[in-house]
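First listed ligand is number 1; within each ligand, the first listed atom is number 1. When a residue number appears, it is its place in the shown sequence, counting from 1. We use all heavy atoms of the structure for the numbers below, so side chains are in, but hydrogens, waters and symmetry mates are not.
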Amino acid sequence: MAQGWIEIRATGPGESKDLASSLLIASGSPGVQEETVDNVAGKLVSHSLWEEETREDEDTSPVRALKAYLRAGDEAALGAVRPNLSRIGWALETSFLKDTDWSEKWKKGLKPIKVKYSGFSVTVKPTWHKLKRSPGEILIDIDPGMAFGTGGHATTKMCLKSILRIVKGGLLPKGPSILDVGTGTGVLAIAAVKLGFKKAVGTDIDKVALKVARKNASLNKTKLSLSAKDLSGIPGKYDLVAANILAGELTRLSRSLNDRIKPGGFLILSGILDSEQAAIEAAFTAIGLQKAFSFNEKEWVALVFGKPAR
Ligand SMILES: C[S@@+](CC[C@H](N)C(=O)[O-])C[C@H]1O[C@@H](n2cnc3c(N)ncnc32)[C@H](O)[C@@H]1O
């Protein structure tokens, strides 16, 4: 495969920015960065789409620009995403970037993200950002490489919030265990260990993600057990299972996910669009799980289920 990256610059209507961003991520981009037009200087200003505070009042702008990146050689993914974007009024241009140029551009767009729940917080920051930890704050260093999970995407933020709610609400026994299915950078498993989990297992179908997760575990001095195995090959049962993958995969894996949860434990599902929520709820309640709570952000939903204690 060619070394380097295809840089995609997509432009389209502000109201479908989140959907365009989701399509780009689903096609394999490790994330998406947004560019806004500075009307005074007519200059492009790049910032991460994942930066919380900048988002709400920007969606009214008529035209938005997004940057995404695919591995050079992945023309099939590019060919598939182009018509999907076009259907929602988005056009795209591409250019080639060398590895080094990509990592510099990518790094520039990433900012620390703070996720809060009821007075508790977890901050995920890129390693190269200096930040002083405030008392009681959980601080996670992430070097995302080309894996997904810098903490800023709505699906990740809602998982972190769910973990905070479960832990701080005292819903689990002391020193619990977590299975993080589709660990990406390892961000959820690392957060869990920093919040007191005694055992954390992360799986991913992507070997590059596992390498990145291993590096992040070491950066954060947290012990993770990482595996490329299919869920059916992962032994044991866990107090908490988290899976931030796409809805189709969640449905396909519903029984295996359920099998890995201890009675009285919880399951966090993320990566679900509003329009998919009802089907996912039906699929997971049909196998005996009970909906505990949910979070919504933009078009995304995270669902948390409890497994009845025996
Ligand atoms: C959206 S990212 C989530 C990363 C991280 N857990 C987070 O919350 O930010 C999804 C990850 O799941 C992996 N993945 C997708 N399908 C999977 C499956 N069936 N089993 C394990 N990993 C999977 C992808 O390679 C990717 O790294």
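- Among all non-hydrogen protein atoms, the one lying nearest atom 19 (N) of ligand 1 is Glu249 OE2, 2.6 Å.
- Under a 4.0 angstrom heavy-atom cut-off, Leu231 registers as lying outside contact with ligand 1.
- Only the side chain of Leu188 comes within contact range of ligand 1, with a heavy atom under 4.0 Å; no backbone atom does.
- Environment of NZ in Lys237: crowded, with over 12 heavy atoms of neighbouring residues, nucleotides or ligands closer than 6.0 Å.
- For Ile245, the heavy-atom gap to ligand 1 drops under 4.0 angstrom.
- For Ser256 (side chain) and Ser232 (main-chain N/O), no donor-acceptor pair under 3.5 Å exists by modelled atom type.
- Ranking protein heavy atoms by distance to atom 23 (C) of ligand 1, first place goes to Ile205 CG1, 3.5 Å.
- Among the candidates Lys198, Arg260, Lys262, the single residue satisfying the salt bridge (Lys or Arg N to Asp or Glu O under 4.0 Å) test with Asp239 is Lys262.
- With hydrogens and angles disregarded, a donor-acceptor distance shorter than 3.5 Å links the side chain of Asp204 to the backbone of Thr183.
- Between the side chain of Thr222 and the main chain of Ala217, a donor-acceptor pair closer than 3.5 Å is present.
- Here Glu7 pairs with Lys67, Lys105 under the salt bridge (Lys or Arg N to Asp or Glu O under 4.0 Å) rule; sequence neighbours left out.
- Considering backbone and side-chain atoms alike, Thr185 places every N or O at 3.5 Å or more from each N or O of ligand 1.
- In this structure, atom 5 (C) of ligand 1 lies nearest to the protein heavy atom Thr183 O, 3.4 Å.
- In terms of protein heavy-atom proximity, atom 10 (C) of ligand 1 is nearest to Asn244 O, 3.2 Å.
- In this model, no donor atom of one side chain and acceptor atom of the other lie less than 3.5 Å apart for Arg255 and Asn258.
- The atoms of ligand 1 that sit less than 4.0 Å from any heavy atom of Leu253 are 19 (N).
- Of the options Asp206, Asp204, Val208, the smallest heavy-atom separation from atom 24 (C) of ligand 1 is shown by Asp204.
- When non-hydrogen atoms are compared, ligand 1 lies under 4.0 Å from neither the backbone nor the side chain of Ile25.
- Here Thr155 has no heavy atoms under 4.0 Å from ligand 1, in either its backbone or its side chain.
- For atom 6 (N) of ligand 1, the closest non-hydrogen atom of the protein is Gly182 O, 2.8 Å.
- Nearest heavy-atom pair, Val181 versus Leu231, reported as atom, atom and distance to 0.1 Å: CG2-CD2, 4.0 Å.
- Nearest non-hydrogen protein atom to atom 2 (S) of ligand 1 is Phe148 CD2, 3.3 Å.
- Among Lys114, His129, Arg133, Glu137, the one residue that satisfies the side chain to side chain donor-acceptor pair (under 3.5 Å) test with Thr123 is Glu137.
- A donor-acceptor distance shorter than 3.5 angstrom exists from the side chain of Ser22 to the backbone of Asp18, with no hydrogens or angles considered.
- Of all the listed residues (Asp180, Leu210, Thr156), Thr156 holds the heavy atom that lies closest to atom 9 (O) of ligand 1.
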